[in-house]
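One-based numbering, in listed order, for ligands and for the atoms of each.
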Amino acid sequence: MSFSDIALACVNQLQPYVPGKPIEELERQYGIKNIVKLASNENPLGPSQSVLAAIAEATKDLTRYPDGNGFILKSALAEKYQLGLSQITLGNGSNDVLEIIARTFVSAADEVLYSQHAFAVYPIVTQAIGAKGVIAPARDYGHDLQAMSTLINERTKLIFIANPNNPTGTCLADDELEAFVAQVPPSTLVVVDEAYVEYGDGTADTISWLAKYSNLIITRTFSKAYGLAGLRVGFALSHPEIANLLNRVRQPFNVNSLALVAATVALADDAYIASTKQLNDQGMAQLIAGFEAMALSYIPSKGNFITVDVERNGLDIYESLLQQGVIVRPVTNYGLPQHLRVSIGLQAENQRFLEVLSGLVGRPL
Ligand SMILES: *Cc1c(COP(=O)(O)O)cnc(C)c1O
């Protein structure tokens with residue numbers, strides 16, 4: 001007997017999520033040091049001193065369960081976004097929230113709609129339920145809302161839209177996205193996944209749409225601009241009835257006590273977000289200048305990463321970069337076999353990546 005024979009058929013068909021390679025793993029494999037990791041869209045600044053101090057203080061209470069309602073963090077989010085506490089669902093990272101949404105609303109008889117080249121977690125949470133994932137073709141590597149509209153039918157329970165999208169960095173204009181949300185039937189939920197919203201120009205006003213469209217769910221995270229990927233905190237903002245349902249499915253202590261404290265402190269630190277954005281803008285310009293010097297095309301990005309066409313087998317270049325201590329992300333599994341996704345790092349990290357890439361593709365910087 002194989003355990004696959006007794007596992008759910010939908011689980012047997014799942015493609016496992018491939019994370020960025022951890023630095024320690026590359027150290028073990030190749031015995032190299034001074035590794036640059038630009039593979040998981042983490043904040044290169046690291047957490048602020050105030051966050052680290054708050055975590056240190058909170059370790060004194062580790063024997064207690066966390067507040068299962070996350071009251072203090074939810075209050076801070078409610079204040080910041082001018083919403084009710086009853087509109088917030090906390091997650092162990094926003095991936096947890098995405099899964100809770102799917103498990104709350106989607107059955108095996110339903111369809112879930114998302115785009116080609118969209119975030120890998122959407123097919124995973126869909127297929128784990130045995131539901132049908134419907135993939136809309138992309139346009140210019142981004143969401144084609146027209147194409148998505150035509151694929152909505154009475155079985156479409158949920159639509160996932162990453163804005164900006166990972167791994168392509170494409171971003172929909174506010175008015176275009178709102179026009180789409182407005183025409184989705186009220187019994188179909190639209191999740192707008194805003195994991196990278198803090199890197200934008202601040203004009204996105206999706207939260208104000210919640211009052212107009214009760215089927216809209218916005219997800220955000222502390223993993224990217226807030227620099228807390230290792231702690232795992234994300235959240236959904238929605239109509240209170242939706243939040244109420246999500247909170248029934250949510251594991252009671254899904255966000256740990258250190259994460260709750262760190263996220264609350266991080267949320268108040270506007271200066272950290274401003275420096276993060278400034279560093280990201282500079283790093284983005286640096287990488288783009290490098291790609292242009294090497295005459296490599298790239299997908300314009302509104303995130304903290306950029307996806308470049310290396311005009312060769314992406315997996316080969318990825319492997320060669322690894323051997324020289326630079327970890328990026330191949331995106332072959334996203335249907336982009338000649339591209340690599342690189343996260344924006346510190347100036348020296350970006351430079352190191354560009355120099356190694358330049359050597360590999362044989363084009364001067
Ligand atoms: C990184 C990312 C997330 C966030 O994941 P967490 O579970 O919060 O760490 C969500 N959506 C997209 C599109 C992402 O790229």
Side-chain angles (χ1 to χ4, degrees), residues 17-20 22 37-44 47 70 73 77 88-103 112-126 128 133 135 138 141-143 158-172 177 190-200 204 206 217-237 246 250-251 254-256 258-260 262-263 266-267 276 280 299 301-307 328-331 333-334 336 339 341-344:
Y17 181 82
V18 186
K37 184 185 178 205
L38 301 173
S40 301
N41 303 344
E42 296 145 340
N43 188 327
L73 175 56
L77 288 165
I88 304 170
T89 308
L90 298 180
N92 185 29
S94 59
N95 285 334
D96 184 31
V97 178
L98 299 173
E99 188 191 18
I100 293 169
I101 295 168
R103 290 179 53 222
V112 176
L113 176 59
Y114 40 81
S115 176
Q116 180 188 17
H117 313 312
F119 188 41
V121 168
Y122 310 152
I124 292 176
V125 301
T126 301
I135 303 170
Y141 301 105
H143 290 80
L158 191 59
I159 303 171
F160 284 117
I161 295 181
N163 204 45
N165 183 45
N166 172 18
T168 59
T170 51
C171 194
L172 295 158
L177 182 57
V190 186
V191 175
V192 177
D193 176 350
E194 298 188 325
Y196 301 96
V197 71
E198 294 83 8
Y199 295 98
T206 45
I217 305 176
I218 296 167
T219 60
R220 295 192 177 186
T221 182
F222 285 92
S223 298
K224 306 288 160 55
Y226 286 100
L228 300 177
L231 280 176
R232 316 300 304 126
V233 203
F235 57 95
L237 305 173
L246 298 179
R250 184 182 64 82
Q251 294 285 319
N254 63 336
V255 185
N256 71 71
L258 303 186
L260 286 171
L267 190 68
T276 293
N280 195 66
I299 307 171
S301 169
K302 299 282 186 195
N304 65 342
F305 57 89
I306 184 163
T307 295
V328 298
R329 196 68 155 266
V331 281
N333 55 339
Y334 283 93
L336 299 166
H339 285 79
R341 190 196 72 190
V342 54
S343 306
I344 311 295

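Atom NZ of Lys302 has 12 or fewer heavy atoms from other residues, nucleotides or ligands within 6.0 Å.
No donor-acceptor distance shorter than 3.5 angstrom exists from the side chain of Asp96 to the backbone of Gly234, with no hydrogens or angles considered.
Partners of Ala229 by side-chain contact (heavy atoms from CB on, under 4.5 Å), not counting sequence neighbours, listed by chain and number: Glu42, Ser223. Residues passing the side chain to side chain donor-acceptor pair (under 3.5 Å) test with Thr276, sequence neighbours excluded: Asn43. For Arg329, the side chain to side chain donor-acceptor pair (under 3.5 Å) criterion is met by Tyr17, not counting sequence neighbours.
A distance limit of 4.0 angstrom between heavy atoms and ligand 1 selects the residues Gly93, Ser94, Asn95, Phe119, Asn166, Asp193, Ala195, Tyr196, Thr221, Ser223, Lys224, Arg232.
With hydrogens and angles left out, the side-chain atoms of Arg341 and Asn166 include a donor and acceptor closer than 3.5 Å.
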